[in-house]
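Working notes for the structure below.
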Amino acid sequence: MAIHKILFASLLICLLIQSIHGATKERVLGDLYKGALDVTTKNRDGVLDAGKDKVTITWKLSATGSEHESEFKTIKVKLCYAPPSQVDRPWRKTHPELFKDKTCKHKIVAKSYDNNTHSIDYTLERDIPTGIYFVRAYAVNETGHEVAYGQSTDDAKKTNLFSVQAISGRHASLDIASACFSVFSVVSLIFFFINEKRKAKLEQRR
Amino acid sequence: MQVEGNGEESGITNRRFALPVDAENKSTTFRLFSFAKPHMRAFHLSWFQFFCCFVSTFAAPPLLPVIRENLNLTATDIGNAGIASVSGSVFARLVMGTACDLFGPRLASAALTLSTAPAVYYTAGIKSPIGFIMVRFFAGFSLATFVSTQFWMSSMFSGPVVGSANGIAAGWGNLGGGATQLIMPLVFSVIQGAGATKFTAWRIAFFIPGLFQTFSAFAVLVFGQDLPDGDYWAMHRSGEKQKDDVSKVIRHGITNYRGWITALAYGYCFGVELTIDNIIAEYFFDRFHLKLQTAGIIAASFGLANFFARPGGGIFSDLMARRFGMRGRLWAWWIVQTTGGVLCALLGQIDSLTLSIVVMLIFSVFVQAACGLTFGVVPFISRRSLGVVSGMTGAGGNVGAVLTQLIFFKGSTYARETGITLMGIMAIACSLPICLIYFPQWGGMFCGPSSKKVTEEEYYLSEWSDKEKENEFTSH
């Protein structure tokens with residue numbers, strides 16, 4: 001029976017997906033210790049080009065953060081969307097629940113925590129979309145849960161933002177191939193039409 | 001010379017064809033695994049071409065998570081492109097019926113397919129939201145090959161099997177909307193694996209549907225044949241079909257209220273199917289945090305149900321007709337379509353991934369069967385204006401998709417899940433007019449046949465005025 005087959009197939013698909021699907025975390029950003037890390041970014045003036053330009057990111061433990069230092073095991077640094085880049089784009093929306101939050105989708109680096117000042121030169125990757133960004137560093141404990149964070153901008157996410165222009169992904173070779181195949185399609189259509197007319201004329205002459 | 005349709009070798013004409021045929025040389029059987037010229041070959045060519053057009057039209061949605069980042073699209077842009085992809089075909093479907101009449105289904109469909117292929121190729125070079133909307137708009141015209149498929153099947157297959165031929169051809173064509181959700185992410189990851197960056201890989205991927213579309217059109221032109229006896233243009237039209245007045249045919253089509261009801265109802269089964277094809281991959285990707293390929297597999301399973309669901313709807317309609325006549329067809333259609341609407345409304349409310357997939361699969365079977373059941377009723381609405389009524393219904397399907405995406409899936413007014421629920425509720429409401437369809441010779445859902453005892457013949461002949469009937473008799 002078709003219905004039984006569908007249900008069985010759907011069960012198989014679901015089991016497959018459950019194994020890919022991660023565990024649910026319901027912690028909220030407000031639970032984390034704010035400003036535990038001092039994060040700063042430095043870059044050249046103007047709009048940065050993805051794939052080419054660099055951002056120098058520096059992070060260290062802040063005065064407020066030193067109280068909870070013992071919990072920090074890893075620092076995860078991420079590239080985050082500023083509010084202007086989130087407008088009318090629900091897939092970049094800020095949610096209070098960390099698991100649902102889509103503000104910081106691009107991983108920059110993850111390093112084990114120590115009490116020094118760290119600095120990296122991050123070259124913007126080629127799959128970074130056009131937008132306005134800031135940097136946030138999460139301090140993660142042994143069980144993999146975020147416990148504290150710091151970011152390179154203020155709470156309102158208005159200061160110290162930088163703009164990135166994505167690569168276009170276009171290539172001259174692709175444009176030429178498109179043109180060739182398109183012309184080929186249209187020309188063959190005309191050829192077939194003319195051929196049909198010719199065959200019809202021959203048939204009528206008989 | 002009367003040719004029997006049950007395999008008897010009763011005349012020379014019969015030996016010309018691999019399948020048994022009737023007086024018009026239309027096949028009276030349907031052999032799925034045969035490629036025999038011209039009937040089964042026409043079937044396989046037409047469904048495959050329609051399938052390729054569906055693949056191209058819905059090639060963008062499964063890759064949207066990548067495309068939206070490359071082109072910096074907003075939710076509004078994506079919504080507009082979705083609307084554009086199904087709106088072009090509204091007009092094209094209306095015109096395609098006439099084009100088939102004039103040029104034959106082979107040339108009409110191949111012309112459409114080849115002239116929309118450039119839109120698919122040019123997707124590789126777009127750089128802005130406007131470009132995205134334009135390519136989706138023009139590629140979407142190719143969905144009008146639905147009409148040529150139905151037309152071609154009606155020319156090749158006779159009464160008892162034309163329903164199955166039409167249903168399977170349409171269903172397997174619609175399959176493309178599901179197959180593309182699997183094919184495109186797969187092609188994308190292969191190209192990415194070969195070394196291309198994300199924002200280039202998706203562009204290269206579009207050449208695959210483009211090439212398939214071009215070559216399916218070539219196959220139709222080279223191997224296909226309009227009619228069992230030959231091609232339109234190569235044949236000397238023996239005038240067995242009285243040439244009808246186009247304006248009268250159109251008038252009789254559009255003044256038949258049943259055609260408008262089927263158009264509205266089809267808008268809320270096929271229209272819902274098209275809308276889901278456009279939004280479901282992104283929905284699963286965003287709501288359940290899945291990988292692109294995983295979201296694609298789930299989205300694909302919706303469209304892949306078309307393999308058996310739509311033909312099943314057509315066969316179910318024929319089954320109900322055998323026991324309960326037209327009233328059975330109408331009841332079956334209304335119940336299946338309303339159930340589809342209920343399941344759609346439910347889908348948006350579900351938070352669990354597993355349950356969402358299960359509900360979506362059941363929903364897909366019901367909504368696609370409803371499409372098959374629609375075309376179990378449409379052929380009976382009019383004989384004189386069958387093409388017009390079919391074209392109206394087909395176009396109505398796309399109008400439903402346009403409206404639904406415009407109201408519920410444009411921009412960020414409604415969350416996707418709310419949009420899906422509201423779409424289900426609208427489908428339930430727009431299926432109610434099916435209860436109003438009434439045939440004087442067979443009745444409707446709630447009324448029996450007319451007490452005036454109208455026969456089938458009288459109903460169809462009423463489409464001709466007395467004067468026209470006179471001309472028919474005197475000209476013979």
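Chain A is the first sequence line, chain B the second, and so forth, proteins listed ahead of strands; every chain is numbered from 1.
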**OP:** Describe, in one word, how the ring planes of A:Tyr133 and A:Tyr81 are oriented to each other, choosing from parallel (under 30°), tilted (30 to 60°) and perpendicular (over 60°).
**Re:** tilted
Which atoms of [X] are under 4.5 Å from chain A, going by heavy atoms: the side chain, the backbone, both sets, or neither?
{"X": "B:Leu211", "answer": "side chain"}
{"X": "B:Ile78", "answer": "side chain"}
{"X": "B:Thr76", "answer": "both"}
{"X": "B:Ala110", "answer": "backbone"}

Determine, for [X] against [Y], whether the closest basic-nitrogen to carboxylate-oxygen distance falls under 4.0 angstrom.
{"X": "A:Lys93", "Y": "A:Asp101", "answer": "no"}
{"X": "A:Asp38", "Y": "A:Lys60", "answer": "yes"}
{"X": "B:Glu282", "Y": "B:Arg68", "answer": "yes"}

Relative to chain B, which segment of [X] carries a heavy atom at a distance below 4.5 Å: side chain, backbone, both, or neither?
{"X": "A:Ile190", "value": "neither"}
{"X": "A:Asp175", "value": "side chain"}
{"X": "A:Ser168", "value": "backbone"}
{"X": "A:Ala50", "value": "neither"}
{"X": "A:Phe192", "value": "side chain"}

Original post:
For the rings on B:Tyr121 and B:Phe206, is their centre-to-centre separation under 6.0 Å?
Top reply: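 Between B:Phe206 and B:Tyr121, which both carry aromatic rings, the centre distance is not below 6.0 Å.
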**OP:** Decide if the gap between the ring center of A:Phe181 and the ring center of A:Phe184 is smaller than 6.0 angstrom.
**Re:**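 No: the rings miss the under 6.0 Å criterion.
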Subject >> Which of A:Ser178, A:Ser85, A:Pro129, A:Gly51 touches chain B most, by non-hydrogen pairs under 4.5 Å >> reply: A:Ser178
**OP:** State the CG-CZ distance between B:Leu221 and A:Phe191, to the nearest 0.5 angstrom.
**Re:**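 CZ of A:Phe191 is found 10.5 Å from CG of B:Leu221.
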